[in-house]
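The block underneath contains the structure these notes are about, expressed in structure tokens.
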Amino acid sequence: MRLFNKSQTLYQRYNMANVLTSKDKDYAQWYNDLVIKADLAENSAVRGSMVIKPYGYAIWEKMQAELDRMFKETGHVNAYFPLFIPKSFFSKEAAHVEGFAKECAVVTHYRLKNDENGKGVVVDPDAKLEEELIVRPTSETIIWDTYRKWIQSYRDLPLLINQWANVVRWEMRTRLFLRTAEFLWQEGHTAHATSKEAIEEAERMLGVYAEFLENFMAIPVLRGVKSESERFAGAVETYCVEALMQDGKALQAGTSHYLGQNFAKAFDVKFATKEGTNEFVWATSWGVSTRLIGALIMTHSDNNGLVLPPKLAPYQVVIVPIYRKDEEFEKVNATALEIQTTLRKAGISVHYDHRDTYKPGWKFNEYELKGVPVRIAIGPRDLEKNQVEMARRDTLEKSFVGIDALPNTVLEVLENMQKSLFDKALERTRQNTYSVDTWEAFQDAVKNRGGFIKAHWDGTAETEKIIKDKTKATIRCIELDAPDEEGLCVFSGKPSKRRVIFAKAY
RNA sequence: CGGGGUGUGGCGCAGUUGGUAGCGCACCUGGUUUGGGACCAGGGGGUCGCUGGUUCGAGUCCAGUCACCCCGACCA
């Protein structure tokens with residue numbers, strides 16, 4: 001077994017030089033390079049909007065498939081609501097409009113015409129919309145306007161609907177996957193007869209997200225609730241899962257909101273109870289977005305490129321044939337095809353790259369950049385010994401495996417890698433989650449150490465704001481299982497009943 | 001919206017005191033190669049972001065304008 005990562009610098013010198021910026025040198029640049037070089041996405045002609053390329057989209061499709069399965073397993077169905085929302089809908093829920101007004105794209109006209117000077121097309125001023133349309137930044141308003149018509153009786157409840165959609169939030173500054181003007185997501189919107197049911201739903205879906213992130217994406221998360229100032233615009237309570245990235249910054253990976261009766265009241269959605277009274281329904285909404293791809297990258301990847309957990313990889317194994325002449329290729333190809341079939345029968349997704357237009361070394365680097373979990377190289381020397389060379393992406397270890405043992409060995413490695421990626425990320429998160437008790441130590445921790453900082457907070461928005469202004473750290477969440485612990489606010493010195501999680505965030 | 005930067009073949013860049021555009025990668029053809037991003041030979045491709053000005057002559061100087069990137073404030 002050869003361990004390249006023990007002599008990483010030498011390895012890189014002759015191998016990956018000039019491909020990716022080193023993580024240690026410039027983490028943000030490393031991230032950008034990786035997204036581009038791994039062929040996940042690129043910037044488009046429209047500022048802040050990205051093209052998700054086939055390889056990146058394949059990862060999103062894997063996520064969608066699993067999440068969709070989980071949503072359906074918990075009783076939800078999919079539907080689709082319009083992209084355009086009448087402007088008037090937005091003003092119906094005060095907090096909601098307040099939260100989103102500053103980043104809405106607005107459709108004002110519905111027609112173009114040829115420019116009179118013969119230069120291209122211009123907006124036809126005669127085609128002004130009576131009521132302007134908002135491009136959805138989220139769908140609560142249009143959905144609740146619709147739910148009013150769907151809900152009359154307790155027998156219509158609970159209403160458990162999800163939609164897969166794109167949304168637009170006109171952000172000042174954007175970054176591929178992490179924050180773009182348009183992004184893809186799913187948004188669940190549910191209606192319930194009681195507050196208790198709605199809270200249970202919000203908590204259930206937070207659990208679904210946590211399970212998905214941890215078991216599927218191998219990303220450990222904290223489960224918690226947001227402070228008032230970080231709460232979703234229009235929610236009574238916002239639950240969240242927060243993950244810690246390799247650079248010590250937190251990333252909100254998913255949110256689930258208990259909306260109380262806010263939207264029901266704003267859109268007049270009432271139902272007849274068994275007892276014959278009329279009551280407003282109780283609501284939730286919850287979502288995760290293509291931002292998760294950013295979380296994926298920043299949790300597992302390294303200086304050689306993307307590292308994908310096997311459950312998410314568009315293909316789990318790539319086979320690279322090695323040969324000199326046509327006769328050699330014939331033999332290698334025959335065996336490679338057999339291996340491909342065997343692995344596929346074992347339920348493993350396999351890509352066999354027999355292109356003659358790239359050399360093996362080029363392919364090795366390419367698939368490392370793309371994070372394919374297992375690479376199998378097979379050449380004439382292997383044929384003689386009835387073996388292949390197997391390389392594992394996360395550790396960069398290479399080993400020789402007998403062809404007969406292949407499917408089982410690969411399955412073991414994939415399983416092991418899935419677990420190992422999670423364990424590694426969990427260990428990193430644990431080592432970077434720590435308590436701080438004084439203001440000096442807090443400032444130092446935010447500035448020099450990063451990570452999840454557990455500190456006492458007096459519970460006021462004022463203190464939270466001052467801490468944010470002074471340190472750039474925000475309250476990521478109040479952990480659901482945070483133990484009661486008397487203490488003094490790290491900033492104000494006022495009494496606090498438990499610690500909350502502070503971090504710098506994406 | 002403030003600060004900084006950049007616009008030159010597909011990508012990354014060079015271009016001196018103004019003289020009519022070049023390099024690397026990629027691409028195409030042929031050959032040799034193929035176990036960690038091969039090599040040789042030949043070839044194609046750019047009205048230099050846009051508009052105007054100065055000049056015999058502008059990638060280069062001037063003015064304006066647009067776009068994008070990075071750093072802040074705002075946000076998933």
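Chain identifiers are assigned alphabetically (A, B, ...) following the order of the sequence lines, protein sequences preceding nucleic acid strands; residue numbering begins at 1 within each chain. Everything quoted here is computed from the prediction, not taken from an experiment.
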### Task
Classify every nucleotide of nucleotides 8-13 of chain B by which part a protein heavy atom approaches to under 4.0 Å, writing B for the base, S for the sugar-phosphate alone and - for neither, in 5'-to-3' order.
------
### Message
I need a per-nucleotide contact map over nucleotides 66-73 of chain B, read 5' to 3'. Cutoff is protein heavy atoms under 4.0 Å; write B for the base, S for backbone only, - otherwise.
### Response
--SSSSBB
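Dashed line: the shortest gap from a side-chain N or O of A/Lys359 to OP1 or OP2 of B/A38 is under 4.0 Å.
Salt bridge A/Arg69/A/Glu66: present, at least one basic N to carboxylate O contact under 4.0 Å. Between A/Arg393 and A/Asp302 there is a salt bridge, since a side-chain N of the basic residue sits under 4.0 Å from a carboxylate O of the acidic one. Taking a cutoff of 4.0 Å between a charged side-chain nitrogen and a carboxylate oxygen, A/Lys468 and A/Glu230 do not qualify as a salt bridge. Under the 4.0 Å criterion applied to side-chain N and carboxylate O atoms, A/Glu479 and A/Arg223 are not assigned as salt-bridge partners. Using a 4.0 Å cut-off between charged nitrogen and carboxylate oxygen, A/Glu366 and A/Arg355 do not count as a salt-bridge pair.
A/Tyr352 meets the ring-ring contact (aromatic ring centres under 6.0 Å, His included) test with A/His354; sequence neighbours excluded. With sequence neighbours left out, A/Asn32 forms a side-chain hydrogen bond (donor to acceptor under 3.5 Å, both in side chains) with no residue at all.
Relative to the ring axis of A/Tyr358, A/Lys363 does not place its NZ or CZ within 45° and under 6.0 Å from the centre. A cation-pi arrangement is absent between A/Lys454 and A/Phe502 under the rule of less than 6.0 angstrom and at most 45 degrees off the ring axis.
No side-chain donor-acceptor contact under 3.5 Å links A/Trp30 and A/Asp24. A/Lys23 and A/Gln246 are linked by a side-chain donor-acceptor pair at a separation below 3.5 angstrom, with hydrogens and angles left out of the test. Side chains of A/Asn166 and A/Arg136: a donor on one and an acceptor on the other come within 3.5 Å.
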### Message
Only Watson-Crick and G-U wobble pairs with both distances less than 3.5 Å should count. Give RNA chain B in dot-bracket notation, marking inter-strand partners with |.
### Response
(((((((..((((.....[..)))).((((((.....)))))).....(((((..]....))))))))))))....
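The CG-P distance, from A/Asp356 to B/A38, rounds to 13 Å in whole Å. In this structure, A/Asn304 places its CG atom 13 Å from P of B/G37, rounding to the nearest Å. Remark: C1' of B/C75 and NE2 of A/His96 are 14 Å apart, rounded to the nearest angstrom. Atom CG of A/Leu20 and atom C1' of B/G37 are 13 Å apart (whole Å).
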### Query
Passes ring pair (Phe, Tyr, Trp, His ring centres under 6.0 Å), A/Phe364 versus A/Trp362? Steps please.
CA-CA 5 Å; A/Phe364 290 177; A/Trp362 189 93; over 10 Å; no
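A donor and an acceptor atom sit less than 3.5 Å apart, one in the side chain of A/Lys398 and one in the base of B/G36.
Comparing B/C39 with B/U55, their C1' atoms are spaced 49 Å from each other, to the whole Å. If you take atom C1' in B/A21 and the same atom in B/U60, they sit 11 Å apart, rounded to whole Å. Between B/G45 and B/A26, the distance separating the two C1' atoms is 12 Å to the nearest Å. Distance noted for atom P between B/G2 and B/A73: 16 Å (whole Å). The separation of B/C40 from B/G22, taken at their P atoms, amounts to 22 Å, rounded to a whole angstrom. The gap from the C1' atom of B/C23 to that of B/U8 amounts to 12 Å, rounded to the nearest Å. For the C1' atoms, the distance from B/C27 to B/G10 is 8 Å, rounded to whole Å. With C1' as the reference atom, B/G24 and B/A67 are 26 Å apart, rounded to whole Å.
Considering A/Val288, A/Val221, A/Leu222 in turn, A/Val221 is the only one that fulfils the side-chain contact (heavy atoms from CB on, under 4.5 Å) rule with A/Val241.
With RNA chain B read from its 5' end, the first of the two nearest nucleotides for A/Arg231 and A/Tyr358 is the one closest to A/Tyr358.
In this structure, A/Cys240 and A/Arg476 approach most closely via the heavy-atom pair SG-O, 3.8 Å.
Comparing B/C74, B/G35, B/G37 by their nearest atom to the side chain of A/Asn365 picks out B/G37. Among the nucleotides B/C74, B/G37, B/G35, the one closest to the side chain of A/Pro380 is B/G35.
Residues from residues 314-325 of chain A with heavy atoms under 4.0 angstrom of RNA chain B, sorted by number: A/Ile322, A/Tyr323, A/Arg324.
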